[in-house]
Number of protein chains: 2
Amino acid sequence: MPIELLRQCRYFAGLSAATLDDAAACAQHRRVPDGEFFFHQGDEARHFYILATGHARLSQITPEGRQVILGLAGPRHEIGIIAAIEGAIYPLDLQAVQACAALTWDRAALGTLLEAHPLLALRALRMVSTRFVELQDRYRELATERVERRIARALLRLVVQIGRPEATGVTVAAPLARQDLAEMTGTTLFTVSRILSAWEAQGIISTGRERVTLCDAPRLTRIAEDLPEG
Amino acid sequence: MPIELLRQCRYFAGLSAATLDDAAACAQHRRVPDGEFFFHQGDEARHFYILATGHARLSQITPEGRQVILGLAGPRHEIGIIAAIEGAIYPLDLQAVQACAALTWDRAALGTLLEAHPLLALRALRMVSTRFVELQDRYRELATERVERRIARALLRLVVQIGRPEATGVTVAAPLARQDLAEMTGTTLFTVSRILSAWEAQGIISTGRERVTLCDAPRLTRIAEDLPEG
DNA sequence: CGGCTTTTTGAGGTTTGTCAAGCATGGTGG
DNA sequence: CCACCATGCTTGACAAACCTCAAAAAGCCG
């Protein structure tokens, strides 16, 4: 079963059976109940995780106590490869927003794996680089776009990343409060509420308590990209 | 001479003489005149650079043509390790803001080096991770801080990174227009101008055309961190 | 000096944040 | 099953931060 998960995640995808076997052999299982933290910002980075079930929030806290959500992770997502680096510390919090199960490797296991399979080091580099580019794009977005478009893009990302298809549209499969969306887009829960209400009135989305369902993706994409109304 | 530069930059610092020799052996030299581009966003990433002299701007362009500056690079800075990854493309522009000289490695040389010295792959991972964390902190800053504090922090970073000590303070050693600071902090040149004028009136900085000198670093730090006036 | 770019400053408008009050929702325990 | 409660959500009024645009001043270079 772990092997299947490895095969499906990007980090191990397409690697040799030997590599997967080695990786699975030294993996451990960990369960984290809803609301609990996998780790905190500032902790020494001892473990690399691959989520099997549940969703978790990647966030930072400002010195003033304000939270910034950098993303949500779901099944098959890799988190904390920084643990491969000696002396590294986690740069953010990872908190379960649902009960989660994950595979995990400690530094020793990771070190052995990377030595035995040098390709894994390049994969790690590629993974971090990819994340870096994504973050860079979001930095640009935050620096140049208005709130409505930022929320539109955040929602589209969430739907792609952790969406669950339903009769009326695609629902974000993790609990998602207005406050969460605000902390993802650098705005306030009030502004998010106003914008979601407006979209709901136009039939673009349907919402509920901690729930957002995207009904008209093309329309939201037009808002996100500022294309002409079709 | 190249070896000396390698020894001083973070990526190669502390590595064995054999590694440095190998790296120097396959390095090439490149000069880039003021205003020209090392590479463009979207180009296939073929080269890794270490700047020897001059300063260069890391920037992105939005689809609407608005520029966002992600940082300035100076001597000893490493840029484009992403070239180690097959098929990667540069995620940003690198443009000389002064005449620059750099050491550069192409993908083939980089591949050979990384294979011969596996530590270099982990170093690369560490470097990208460090940059990632820095970017993440700036993302948080942009999401939560007001303009004045963002400009204060940007200026403090520039002074640390590429500052040149002078009689009256520390000057940012690259040409730095109000527009540049605006594009670094997600605001407009008008707002930057107003804020710099206010700081100059208080004796915190002194400015000129495309020049900023920090005179009272503790005071600017208090603005950046929102500490009480001392 | 003359022409170019950069910078300053002002006036006015828009977006967005702040705060207060009340409403909806979903779970819980009687 | 229903009342209750905690939590999340909505909406309004207002204020503040910031942007936009215009015009003119200042600095630099030939």
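Naming convention: chains lettered A, B, ... in sequence-line order (proteins, then strands); numbering from 1 in each chain. Note that the coordinates shown come from a computational prediction; the quantities given were computed from them, not determined experimentally.
- Picking from dC18(D), dT10(D), dT8(C) the nucleotide with the shortest atom distance to the side chain of Ser193(B) gives dT8(C).
- Toward the 5′ end of DNA chain C lies the nearest nucleotide of Gln179(B), the other residue of the pair Ile195(A) and Gln179(B) mapping further downstream.
- In this structure, the CZ atom of Arg211(B) is 14 Å from the C1' atom of dC28(D), given to the nearest Å.
- Among the nucleotides dT18(C), dA22(D), dT16(C), the one closest to any side-chain atom of Thr188(A) is dT18(C).
- Under 3.5 Å, the side chain of Arg150(A) and the base of dT15(C) form no donor-acceptor pair of N or O atoms.
- The CD1 atom of Ile205(A) sits 9 Å away from the P atom of dT10(D) (whole-angstrom rounding).
- Put simply, CD on Gln28(A) and OH on Tyr49(A) are 9.5 Å apart, with the number rounded to the nearest 0.5 Å.
- Nucleotide dC19(D) holds its P atom 13 Å from the CD atom of Glu148(B), rounded to whole Å.
- Distances shown here put a side-chain N or O of Arg178(B) below 4.0 Å from the OP1 or OP2 atom of dT7(C).
- Note on Arg209(A): a base of the nucleic acid sits closer than 4.0 angstrom, heavy atoms only.
- For dT11(D), one of the phosphate oxygens OP1 or OP2 lies less than 4.0 angstrom from a side-chain nitrogen or oxygen of Ser197(A).
- Using a 4.0 Å heavy-atom distance criterion, Leu196(B) is classed as making no nucleic acid contact.
- Closest to the side chain of Ala177(A), from the set dG8(D), dT16(C), dT10(D), is dG8(D).
- Under the 30°/60° scheme for interplanar angles, the aromatic rings of Tyr11(B) and Phe48(B) are found to stand perpendicular.
- If you measure from atom CZ of Phe190(A) to atom P of dT16(C), you get 16 Å, rounded to the nearest angstrom.
- Rounded to whole Å, atom P of dG17(C) lies 9 Å from atom CZ of Arg146(B).
- For Glu145(B) and dG17(C), the CD to P distance is 14 Å, given to the nearest whole Å.
- Aromatic ring centres of Tyr139(A) and Tyr139(B) lie farther apart than the 6.0 Å criterion allows.
- The aromatic rings of Phe132(B) and Phe132(A) are tilted relative to each other, their planes meeting at an angle between 30° and 60°.
- Between the P atom of dT8(C) and the CZ atom of Arg194(B) lies a distance of 10 Å, rounded to the nearest Å.
- Within 6.0 Å of CZ on Arg46(A) lie no more than 12 heavy atoms contributed by other residues, nucleotides or ligands.
- One finds a side-chain N or O of Thr187(A) lying less than 4.0 angstrom from the OP1 or OP2 phosphate oxygen of dG17(C).
- Under 4.0 angstrom from either OP1 or OP2 of dG17(C) there lies at least one side-chain N or O belonging to Thr191(A).
- Rounded to an integer number of Å, the gap from CD of Glu210(B) to P of dG27(D) is 14 Å.
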